[in-house]
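Notes to accompany the following structure.
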Protein chains: 2
Amino acid sequence: MTAAAPADDRGAREVGRRIRSLRTERGISLSELARLAGVGKATLSGLENGVRNPRLETLYAITAQLGVPLTAVLSAPGEAPTVRGTAVGATLLEVFDDREATYELYRMRVDPGPAQLSPAHSSGVTEHVTVFSGVLRAGPVDAPLTAGPGGYLRWTSDVPHTYAAVGEEEVHASLLLRYPRPSTPDT
Amino acid sequence: MTAAAPADDRGAREVGRRIRSLRTERGISLSELARLAGVGKATLSGLENGVRNPRLETLYAITAQLGVPLTAVLSAPGEAPTVRGTAVGATLLEVFDDREATYELYRMRVDPGPAQLSPAHSSGVTEHVTVFSGVLRAGPVDAPLTAGPGGYLRWTSDVPHTYAAVGEEEVHASLLLRYPRPSTPDT
DNA sequence: CCGTGCCGTTCCGTAAACGGAACGGTCGGA
DNA sequence: TCCGACCGTTCCGTTTACGGAACGGCACGG
């Protein structure tokens, strides 16, 4: 199938896949979601299969019913990685400032191949990684840790550390950097 | 029918306003942007004035020409919480689809006060929380876990679970939901 | 003073997304 | 075994966003 996809602007297909994922996660049928969202079954079917260019209104009705913002189903393909290295690409998703620390939340991708080294950060900085797919080997260069899908790694990054994908599959993960605030500058 | 505004799903108007802003910021005319993006002037005009429900494809062509991601003209960042309960508010930051599982990454805030209960999810779903600030008590109702700033919690959420802020400080955290894929529907 | 060029809007025929109905397939109970 | 309910896909007439062309308005130059 899909020999000649009628309307694949290579974004529509991914959007469809995400919607289908969100729907099946919730355990509801296509028919039911279509009814709840007030759209036709044909519309939703074609949308999930990536054979339609949905109107914004349609997407909005569906994502609202799924309880997610529009941005959650729209791929950000042209998005330039914030950090880029030989093997690691990371996109900054959010920054959170607290009195005690600053957090930076990244989506990280590690390509197969040689490990990438990262210099030591300032004292007290910790890194938290949750692996989505692939197998990641990361941590201090002298004592790296390994985690597969769903796994969690944490280390203090005040020493040089390394990232590497184990095997041929590229690794997707969330990376959280925690920078403790050196002192509390009163406002 | 056709009240005054034919197509104001209160999103289309804002989208149009943002596009017009981005265009005028760059000092280019409507006609020129339409030509560069490969869309008709009528299309862009109607879109900026919020009298059309654009197709995803159209929006993509225009935002690409403006050099901004699609998300830039849709919902503003820091939008209303996606999930809202008595004590917990969460915003979906990203969805990641893997062959084995789907991940949803949220920014979560838990207000002080009574704990909020969450029903059981389907089997195999795990929740991963990294606390930014405050002290969080969360997990299965019969065996909740506790973590402070920088701490990490993980539990399987196929049983009813609870979230609560310990003390008077509101809790900020990242929440990662992992939904194992029940089966492999596509090729 | 009027022609020229570009602006943004409006008109109009066409292409495509839309909703409703019909279809084949699967599951569970009588 | 049969029947009914529901699933997701496909067909089809309707609605509507689409691009091209024509329009009025404004600024500049001859």
Side-chain angles (χ1 to χ4, degrees), chain A residues 1-9 11-13 15-66 70 73-74, chain B residues 1-9 11-13 15-66 70 73-74 182-187:
Chain A
M1 63 178 77
T2 73
D8 67 337
D9 44 317
R13 294 187 67 94
V15 170
R17 282 172 48 89
R18 290 209 179 83
I19 289 177
R20 175 157 290 183
S21 293
L22 289 169
R23 176 174 65 78
T24 54
E25 278 167 19
R26 287 161 175 71
I28 65 178
S29 66
L30 185 148
S31 308
E32 187 172 2
L33 177 58
R35 183 175 48 80
L36 290 172
V39 305
K41 295 199 298 180
T43 300
L44 184 53
S45 175
L47 209 169
E48 289 191 353
N49 290 324
V51 296
R52 282 199 190 183
N53 284 310
R55 286 194 270 143
L56 184 58
E57 185 183 24
T58 306
L59 266 185
Y60 192 83
I62 293 170
T63 55
Q65 191 52 233
L66 288 170
L70 263 176
V73 301
L74 294 172
Chain B
M1 356 349 213
T2 64
D8 67 339
D9 44 316
R13 294 184 69 93
V15 170
R17 282 163 45 90
R18 290 207 183 86
I19 290 177
R20 177 158 288 183
S21 293
L22 289 169
R23 176 174 64 79
T24 53
E25 278 172 16
R26 287 163 176 69
I28 64 177
S29 67
L30 185 150
S31 308
E32 187 172 2
L33 177 57
R35 184 175 46 79
L36 290 171
V39 305
K41 294 200 295 180
T43 299
L44 184 52
S45 174
L47 208 170
E48 288 191 354
N49 291 324
V51 297
R52 281 199 192 182
N53 285 306
R55 284 193 269 146
L56 185 59
E57 186 183 26
T58 305
L59 265 185
Y60 192 84
I62 292 170
T63 56
Q65 192 53 231
L66 288 170
L70 255 180
V73 300
L74 297 175
S183 64
T184 307
D186 71 335
T187 59

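Convention: sequence-line order gives letters A, B, ...; per-chain numbering from 1.
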With respect to the side chain of [X], which nucleotide from [options] is positioned closest?
X: A/A42; options: D/dC18, D/dC11, D/dT9; answer: D/dC11
X: B/R52; options: D/dC18, C/dG19, C/dG8; answer: D/dC18
X: B/K41; options: D/dA22, D/dG8, C/dC18; answer: D/dA22
X: B/S29; options: C/dC7, D/dT16, D/dG8; answer: C/dC7
X: B/S31; options: C/dT9, C/dC7, D/dT9; answer: C/dC7

**Study point:** B/R26, CZ: over 12 other non-hydrogen atoms inside 6.0 angstrom
**Key:**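 Check passes, neighbour count above 12.
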Can you tell me the distance, in whole Å, between the [atom1] atom of [X] and the [atom2] atom of [N]?
X: A/L36; N: D/dC7; atom1: CG; atom2: P; value: 11 Å
X: A/E32; N: D/dC7; atom1: CD; atom2: P; value: 7 Å
X: A/L30; N: D/dC6; atom1: CG; atom2: P; value: 15 Å

[X] side chain N/O closer than 4.0 Å to the phosphate oxygens (OP1, OP2) of [N]?
X: B/T58; N: D/dC18; answer: yes
X: A/R55; N: D/dA17; answer: yes
X: A/S45; N: D/dT10; answer: no
X: A/N53; N: C/dA16; answer: no

Practice item. Say whether, by atom type as modelled, one donor and one acceptor occur between the side chain of A/S45 and the main chain of A/K41 under 3.5 angstrom. Key: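 Here the side-chain-to-backbone pair does not exist.
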Exercise for review: Evaluate the side-chain proximity of A/N53 to B/T58: yes if any heavy-atom separation is below 4.5 Å, no if none is.
Suggested key: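 Result no, sub-4.5 Å side-chain heavy-atom pair not found.
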**Study point:** Pairwise side-chain contact, A/L66 with A/V73, heavy-atom cut-off 4.5 Å (strictly under)
**Key:**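 SC-SC contact between A/L66 and A/V73 ruled out.
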Practice item. Classify the nucleic acid contact of A/R23 as base, sugar-phosphate or nothing, counting any heavy atom under 4.0 Å across all strands shown. Key: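 Here A/R23 touches the backbone only, sparing every base.
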Check your understanding: B/T43 near the nucleic acid: base, sugar-phosphate alone, or nothing, with a heavy-atom cut-off under 4.0 Å?
Key ->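 Result for B/T43 = base.
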